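This is a predicted model, so every value here is computed, not measured. The chains referred to below are lettered A, B, ... by the order of the sequence lines, with proteins before strands, and numbering in each begins at 1.
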Amino acid sequence: MNGEREATTNFIREIITADIKSGKNGGRVQTRFPPEPNGYLHIGHAKSICLNFGLARDFNGLCNLRFDDTNPIREDEEFVESIQADVRWLGFDWNDRLYYASDYFERLYDCAGELIRRGLAYVDSLNAEEIRAYRGTLTEPGRESPYRDRGVDENLDLFRRMRAGEFSEGAHVLRARIDMKSPNLNMRDPTLYRIKYAQHHRTGTDWCIFPMYDFAHSLSDSFEKITHSICTLEFEDHRPLYDWFLEKLEMFPSRQIEFARLNLSYTIMSKRLLQGLVASGRVSGWDDPRMPTIAGMRRRGYSPEAIRDFADRIGVAKRDSTVDLALLEHCLREDLNQRALRFMAVLDPVKVVITNYPENQVEMLEAVNNPEDDAAGTRQVPFSREIYIEREDFRVDPPKKYFRLSPGSEIRLKHAYYIRCVDFFMDEATGRVKEIHCTYDPESRGGWSPDNRKVKGTSHWVSVQHALDAQVCLFDTLFTDPDPQARAAAEEKELYDFLNPESRKVLTGCKVEPALKEAVPGEYYQFLRQGYFCLDSVESHPGNLVFNRSVTLRDTWARIENKLK
RNA sequence: UGGGGCGUGGCCAAGCGGUAAGGCACCGGUUUUUGGAGCCGGUAUUCGGAGGUUCGAAUCCUCCCGCCCCAGCCA
């Protein structure tokens, strides 16, 4: 990973640095990214991925990929595949260290047995409601289950029979015997195993008992000799339990460290809610370009470099925070500005006839592919008597400071000639401008004039007879409120009430320069003065170009015009 | 009125007793064949509040206030 910005230090790096210095774990650093395969990865996961793999990279360590697949009814193979594809696309490699918690089911079962033998776990036959009632509340201690003092042999037998499928779901659970009076609810005899007759995506029907997160996660980390187990803040209360298992079982002491998950303005990060958008058809799928998912962002035209840079810039801390979407967009623009090939595309075309330009003449003009990168070279763009320019680049009554085309004014056509507006025609029916007549200055070929006169405006354009038709999707934020969840809760409304009806606008009849015929998915393009675009990997087909706008360019004029109002 | 965390500019975030980094956003200027990009400059007398310790506190102590998380056989 070259040219990567140096991430500023953070409390986790300090902990690791101190651990290495003190010789803990022999100076070894090993982390892991442990997704549950029950949905697609989103930008919040990207933060965690960059953190875990980044730490391993920077401290000469390793980072494992481990699927936390202990709940068969929510998990699916589709997600284990998408997750691997997304992590790889982000630029990280787990080599041969791909693990599944389900691969540890036998070992976990043995550890549970050992806990029973040590008198630290028991089979409880209370039902779910009873267990909840016995747990107590935040302010009242819990009560011990009447089954809490079953003997070791009975517990072992019951647990074996749970595994053997002798009981129905909910009949029994295995619980740790810790402290029903603990102020930390997680320590009030937490459930370790529950019975579920469900098809598991990997173990099929081999198992009908499944370990709970706390038990499986702690031990899995230890099995893999994870030195620093990094998770989000809501697991802080689970740490005593995480440590309890490893201590009681005398296992490798992985250390859990918690950091604040990412929140991003104008979107949501909850897997459950994202799933809801997909299921209800409010978006086209997990990879809808408006989704904050890795798949959605990839399809939108985000680069892995931009996302990694973003992850480095937002930092890692324990404070709840919501990062401004503007920072993400900035990271994308900064990356794409360096590498995106420039093209001209007219999204809302209006025809211009250059009345003094010879009919039937076509000349090829040289255009720079990327002013930020000489190596990108140049291309030839066809010019002719009739061209399209952007409708908003012409005003019958130009406002102050407007220096684009208007009756009598002169502008530069990028890479081409200076043109001056001599006439225009309205469409009676729509009241819109139908056609503009201009004259061009033959001396200004290439966009310069011998007399060095200044033209303030430069417009992009496309030759009518050479233009390619294209469809362009313009995206805006998925929600209208920076914090739609909080807003919905505050106003007792539905989250969906704050979906942005303008989050996706489809433009048809756009005119793009002929070179774009060679456009391919996965490439990044800049449409001059408009923004960064990419070919839609799903909708676009040869002869039917569909571009997605990844992010706009900064638009100073829009800002000025807004202020004038 | 249980426990666990967190409070530094609009949004992130360094800072770890020696007198408030950096980024984004914003505002100026400059430059420009993208009103893009670039470049230069500006924006916290102050670190949730109040006391205290100290020659000196965002950093240490005390109290107060605010926000987040926890009562799944979810992760």
Side-chain angles (χ1 to χ4, degrees), chain A residues 5 8-10 14 34-36 38 68-71 73-74 124 126-128 131-133 135-142 169-175 182-188 191-196 209-210 212-214 216-217 231-240 258 260 262 265 271-272 312-331 333-334 337-338 342 344 367-368 371-372 401-404 412-416 418 444 446-448 455-460 482 526-531 552-561:
Chain A
R5 142 189 319 262
T8 67
T9 188
N10 58 55
E14 289 190 1
E36 182 188 15
N38 67 342
D68 223 328
D69 54 351
T70 57
N71 186 356
I73 64 173
R74 313 192 340 162
D124 195 356
L126 252 25
N127 64 37
I131 286 181
R132 191 186 320 127
R135 186 154 33 230
T137 68
L138 294 179
T139 53
E140 303 159 27
E169 285 190 13
H172 307 285
V173 291
L174 182 74
R175 293 229 256 167
S182 173
N184 180 345
L185 304 229
N186 294 301
M187 300 300 270
R188 318 240 265 227
T191 301
L192 267 33
Y193 271 89
R194 74 289 213 190
I195 298 170
K196 273 183 198 286
I209 58 172
F210 294 90
M212 296 288 287
Y213 165 84
D214 288 296
H217 202 89
C231 63
T232 44
L233 251 28
E234 66 270 27
F235 294 104
E236 214 147 14
D237 287 340
H238 295 239
R239 195 185 337 131
E258 312 83 11
L262 169 69
S265 59
K271 241 195 245 179
R272 182 178 64 81
D312 287 342
R313 292 200 201 208
I314 57 179
V316 177
K318 299 193 68 161
R319 178 180 346 179
D320 289 315
S321 62
T322 301
V323 175
D324 195 336
L325 211 215
L327 177 60
L328 214 211
E329 297 191 329
H330 168 82
C331 292
R333 290 192 188 101
E334 190 171 85
N337 177 49
Q338 296 304 316
R342 271 64 167 171
M344 293 196 285
V368 167
E372 303 293 326
K401 294 187 180 175
Y402 184 86
F403 44 85
R404 304 180 186 179
R412 170 191 298 111
L413 292 178
K414 181 78 177 177
H415 308 305
Y418 289 0
S444 64
W448 301 99
V455 286
K456 276 188 288 188
T458 300
S459 283
H460 55 278
Q526 183 194 103
F527 289 173
L528 245 39
R529 305 205 302 140
Q530 312 263 19
T552 59
L553 244 30
R554 277 188 68 204
D555 189 347
T556 307
W557 164 243
R559 205 170 307 205
I560 292 171
E561 193 176 25

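- Scored by the ring pair (Phe, Tyr, Trp, His ring centres under 6.0 Å) test, A/H330 finds no partners at all (sequence neighbours excluded).
- Ion pair A/K318/A/E236 flagged as a salt bridge, since at least one NZ, NE, NH1 or NH2 atom sits closer than 4.0 Å to an Asp/Glu carboxylate oxygen.
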Nucleotides 47-49 of chain B: which of its N/O atoms have a protein N/O under 3.5 Å away?
none

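- Residues that satisfy the side-chain hydrogen bond (donor to acceptor under 3.5 Å, both in side chains) test with A/E372, not counting sequence neighbours, are absent from this structure.
- Legend: residues meeting side chain to side chain contact (heavy atoms under 4.5 Å, CB included) with A/E169, ordered by chain and number and at least two apart, are A/I195, A/K196, A/Y197.
- Side chain A/R333 to base B/rG36: no donor-acceptor pair is found below 3.5 Å.
- For A/W448, there are no ring pair (Phe, Tyr, Trp, His ring centres under 6.0 Å) partners at least two apart in sequence or on another chain.
- In this view, A/H460 satisfies the ring pair (Phe, Tyr, Trp, His ring centres under 6.0 Å) rule with no residue, not counting sequence neighbours.
- Closest to the A/R313 side chain, of the nucleotides B/rC12, B/rG35, B/rG23, is B/rG23.
- Residues passing the side chain to side chain contact (heavy atoms under 4.5 Å, CB included) test with A/A216 are A/T70, A/L108, A/P211, sequence neighbours excluded.
- Partners of A/T139 according to the side chain to side chain contact (heavy atoms under 4.5 Å, CB included) rule, which considers only residues two or more places apart in sequence or in another chain, are A/T137.
- Under the rule for a side chain to side chain contact (heavy atoms under 4.5 Å, CB included), the partners of A/P141 that lie at least two apart in sequence or sit in another chain are A/K181.
- Looking at A/E372, its side chain comes within 3.5 Å of the base of B/rG36 through a donor and an acceptor atom.
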Please write out each protein N/O paired with an N/O of nucleotides 68-70 of chain B under 3.5 Å, distance rounded to 0.1 Å.
| from | atom 1 | to | atom 2 | distance (Å) |
| --- | --- | --- | --- | --- |
| B/rC68 | O2' | A/D320 | OD2 | 3.3 |

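- In this structure, A/R188 does not reach the B/rG72 phosphate: none of its side-chain N or O atoms is under 4.0 Å from OP1 or OP2.
- Evaluation of A/W557 against the base of B/rG35 yields a stacking contact (centre distance < 5.5 Å, interplanar angle < 30°).
- Remark: A/H217 engages A/Y213 in a ring pair (Phe, Tyr, Trp, His ring centres under 6.0 Å) (not counting sequence neighbours).
- Annotated stems with RNA chain B as a participant read B:2-7 with B:65-70, B:10-12 with B:22-24, B:26-30 with B:38-42, B:48-52 with B:60-64, given as range with range, by first number; only runs of 3 or more Watson-Crick or G-U pairs under 3.5 Å qualify.
- Using P as the reference atom, B/rC39 and B/rA75 are 49 Å apart when rounded to the nearest Å.
- With hydrogens and angles left out, the side chain of A/Q530 and the base of B/rU34 share no donor-acceptor pair within 3.5 Å.
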